[in-house]
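Report on the following structure.
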Amino acid sequence: MEEIDVPPFFLCPISLQIMKDPVTVPTGITYDRESIEKWLFSGKNETCPVTKQVISDCDLTPNLTLMRLIQSWCTLNASHGIERIPTPKPPISKAQVAKLIKDATTSSPQKIACVRKLRSIANMSDTNRRTMEAAGAVEFLASIVNDFSSSSFEKSTSDGDGFEVTTPSDEALSFLHSLQLSESGLRILTGKNGEMIQSLTNVLQNGNYESRAYAVLLLKSIFEVADPMQMINLKPQLFTEIVQVLRDQISHQASKAALKLLVSLCPWGRNRIRAVEAHAVSVLIDLLLDSKEKRACEMALTVLDLLCKCAEGRAELLSHGAGVAVVSKKILRVSQAASEKAVRILLSVSKFSATSSVVQEMLQIGVVAKLCLVLQMDCGSKTKEKAREVLKLHARAWKNSPCIPANLLSFYPD
């Protein structure tokens, strides 16, 4: 294609590409719809990129005159290899969304058809997704999940040829996840006395692997905006199912979301007990034994650190044959953040659960030697400070022990 000069006002100020769907924001600046939507919605910015004025919750007005000029210019330069930009489809309106939802009957096929239609429209643009939020689509999808996640949970079935037939709940969960809800959209899901949280717990307990993955991903997002009172009044069953997702290793994404969920929920003492009772400690230890992925190890150690703040969590760690050993092994092998969390866990054990047998075990499996090594490595002042504290706590039992290599013994704190 022959290189020709493009009129500068045809170019989007953000992407510097020819605009395919020019829209004007309230500041009077015109952008390509895809670029400004990505700026406002995906990037969570609230200002005009050019003027820096606040334009949150603004309407994007199609610049039809500029669109016609661009199309005419494309036609005039067709001989140079320029293809005419097609006229963009207008975004959906709130009234159109409301009508689609209203026309969906109570039958499963009709609900599935409606959800799929909404999904195809949402995939066209971020504006369509935000319009759906404002027009009640989130409430509609949540009601489907609530209806099909009750005590008479409707599982996916197979047709005569052996292919799995999806349920409205499966479709709604998948679509809710793909909508990438805004904070206000997520807050809709936290309402009604935690009904959606209970429904998602039921999905985790009874759903297929795909629905369970979407459920844990949605829960992670919901609890990022949830009220603290909701987070401390959760049922034990939720923790059981979150831990089960980790145990089953449904997918890398689901496991990561489950770990993030536990990180969000376990600062509260009541939740720590529930997580421990759900056998989270042993599952996390097994994960640390198997996983070499940096972020997964960091999050697992973060959750273990939280759980070891309670006596029940420390008891579970110590009762696991590999508990203390695997925590020690991760020091200086994963990342600085992982080392700090691991040393914090050992400090909790040393301060509050260090029986004579535990103190002896920490010496024999190399924990004390590893902490001496920490003092001579560049691993952060906080980590060194905590390692020094652990070593000082039991200096009488550990210092000058033949279990500590001579080259490390000189680093033992006075």
Side-chain angles (χ1 to χ4, degrees), residues 108 111-112 115-116 118-119 122 133 137-157 164-183 185-227 230-231 233-266 271 274-275 278-280 283 287 296 299 303:
S108 292
K111 285 189 175 182
I112 291 174
V115 173
R116 289 177 177 173
L118 290 171
R119 184 199 292 271
E133 277 193 30
V138 177
E139 292 91 336
F140 170 66
L141 295 168
S143 70
I144 292 176
V145 176
N146 292 337
D147 286 345
F148 285 83
S149 311
S150 60
S151 55
S152 57
F153 191 93
E154 181 177 326
K155 292 179 179 289
S156 299
T157 57
E164 188 174 80
V165 179
T166 189
T167 68
S169 180
D170 294 334
E171 290 285 344
L173 278 171
S174 172
F175 185 29
L176 275 170
H177 172 66
S178 67
L179 268 176
Q180 299 176 333
L181 297 174
S182 65
E183 184 173 330
L186 289 169
R187 289 193 183 281
I188 293 171
L189 298 180
T190 66
K192 292 188 177 180
N193 300 317
E195 183 181 3
M196 187 62 175
I197 293 172
Q198 182 57 52
S199 294
L200 292 174
T201 303
N202 291 338
V203 172
L204 289 175
Q205 186 175 20
N206 300 296
N208 57 38
Y209 269 24
E210 186 176 9
S211 290
R212 289 172 67 200
Y214 285 131
V216 78
L217 288 163
L218 270 174
L219 282 166
K220 177 190 74 70
S221 299
I222 286 171
F223 283 117
E224 287 173 356
V225 302
D227 184 274
Q230 288 180 304
M231 300 177 79
N233 289 311
L234 299 171
K235 295 182 179 179
Q237 188 62 42
L238 174 63
F239 292 87
T240 300
E241 299 309 326
I242 293 171
V243 172
Q244 190 63 47
V245 168
L246 280 177
R247 183 181 283 112
D248 291 344
Q249 293 292 292
I250 293 174
S251 70
H252 176 73
Q253 195 178 15
S255 295
K256 190 175 177 181
L259 286 169
K260 286 186 176 179
L261 256 174
L262 292 173
V263 171
S264 299
L265 298 175
C266 289
N271 290 344
R274 291 168 181 148
H279 307 294
V283 171
L287 188 152
M299 287 193 291
V303 180

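All values below come from the heavy atoms of this structure, side chains included, with hydrogens, waters and symmetry mates left out.
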Taking the side chain as C-beta and beyond, is there a heavy-atom pair between Leu246 and Leu262 under 4.5 Å? yes

Distance check, rounded to the nearest 0.5 Å: Arg212 atom CZ versus Ile242 atom CD1? 11.5 Å

In short, Gln249 meets Ser255 closest at the heavy-atom pair NE2-OG, 3.5 Å

Would you please test Ser199 and Asn202 for side-chain hydrogen bond (donor to acceptor under 3.5 Å, both in side chains) and show each step? CA-CA 5 Å; Ser199 294; Asn202 291 338; 5.2 Å; no

pair Glu210-Asp170: side-chain heavy atoms closer than 4.5 Å: no

Please identify each residue that fulfils side chain to side chain donor-acceptor pair (under 3.5 Å) with Gln237, with sequence neighbours left out. Glu241

The reported gap from CD1 in Ile197 to CG in Leu189 (rounded to nearest 0.5 angstrom) is 9.5 Å

Is there side-chain contact between Met196 and Leu200, with at least one heavy-atom pair below 4.5 Å? yes

Can you measure from CD (Gln180) to NE2 (His177) and round to the nearest 0.5 angstrom? 7.5 Å

Rounded to the nearest 0.5 Å, how far does OG of Ser221 lie from CG of Leu179? 11.5 Å

Residue pairs meeting salt bridge (Lys or Arg N to Asp or Glu O under 4.0 Å), one or both in residues 251-266, sequence neighbours left out, come to none

Distance check, rounded to the nearest 0.5 Å: Asn271 atom CG versus Phe239 atom CZ? 3.5 Å

With distance as the sole test, does Gln230 use its side chain to make a donor-acceptor pair with the main-chain N or O of Thr190 at under 3.5 Å? yes

Tell me whether Arg247 contacts the main-chain N or O of Val283 through its side chain, where contact means a donor paired with an acceptor under 3.5 Å. no

Please examine the side chains of Lys235 and Thr201, heavy atoms only from C-beta on, and report whether any two atoms are closer than 4.5 Å. no

Check Leu176, Val138, Val225 against Leu186 for a side-chain contact (heavy atoms from CB on, under 4.5 Å) and give me the one that passes. Val225

Side-chain heavy-atom pair Tyr214, Val145 within 4.5 angstrom cut-off: no

Could you go through Gln244 and Leu204, starting from their C-alpha distance and side-chain angles, then the distance that decides it, and tell me whether this counts as side-chain contact (heavy atoms from CB on, under 4.5 Å)? CA-CA 9 Å; Gln244 190 63 47; Leu204 289 175; over 6 Å; no

Kindly give the heavy-atom pair with the smallest separation between Ser174 and Arg119, and that separation in Å. OG-NH2, 2.9 Å

So, using side chain to side chain donor-acceptor pair (under 3.5 Å) as the criterion, who are the partners of Lys220 when residues are at least two apart? Glu224

Under the criterion side-chain hydrogen bond (donor to acceptor under 3.5 Å, both in side chains), I'd like the reasoning laid out for Asn208 against Ser211: C-alpha separation, chi angles, the key distance, then a yes or no. CA-CA 5 Å; Asn208 57 38; Ser211 290; 3.2 Å; yes

So do the side chains of Val245 and Leu261 get within less than 4.5 Å of each other, counting heavy atoms only? no

Backbone of Phe140 reached by a side-chain donor or acceptor of Ser143 within 3.5 Å: yes

Has the side chain of Asp147 got a donor or acceptor atom that lies under 3.5 Å from a matching backbone atom of Ile144? no

Student check: side-chain heavy atoms of Leu219 and Leu238 closer than 4.5 Å: yes

Below 4.5 Å, heavy atoms only, C-beta onward: do Val203 and Leu218 meet side chain to side chain? no

Give, for atom CD of Glu139 and atom CD of Glu133, the distance between the pair rounded to the nearest 0.5 Å. 9.5 Å

Could you report the tightest heavy-atom contact between Thr167 and Ile112, atom names first, then the distance? C-CD1, 4.0 Å

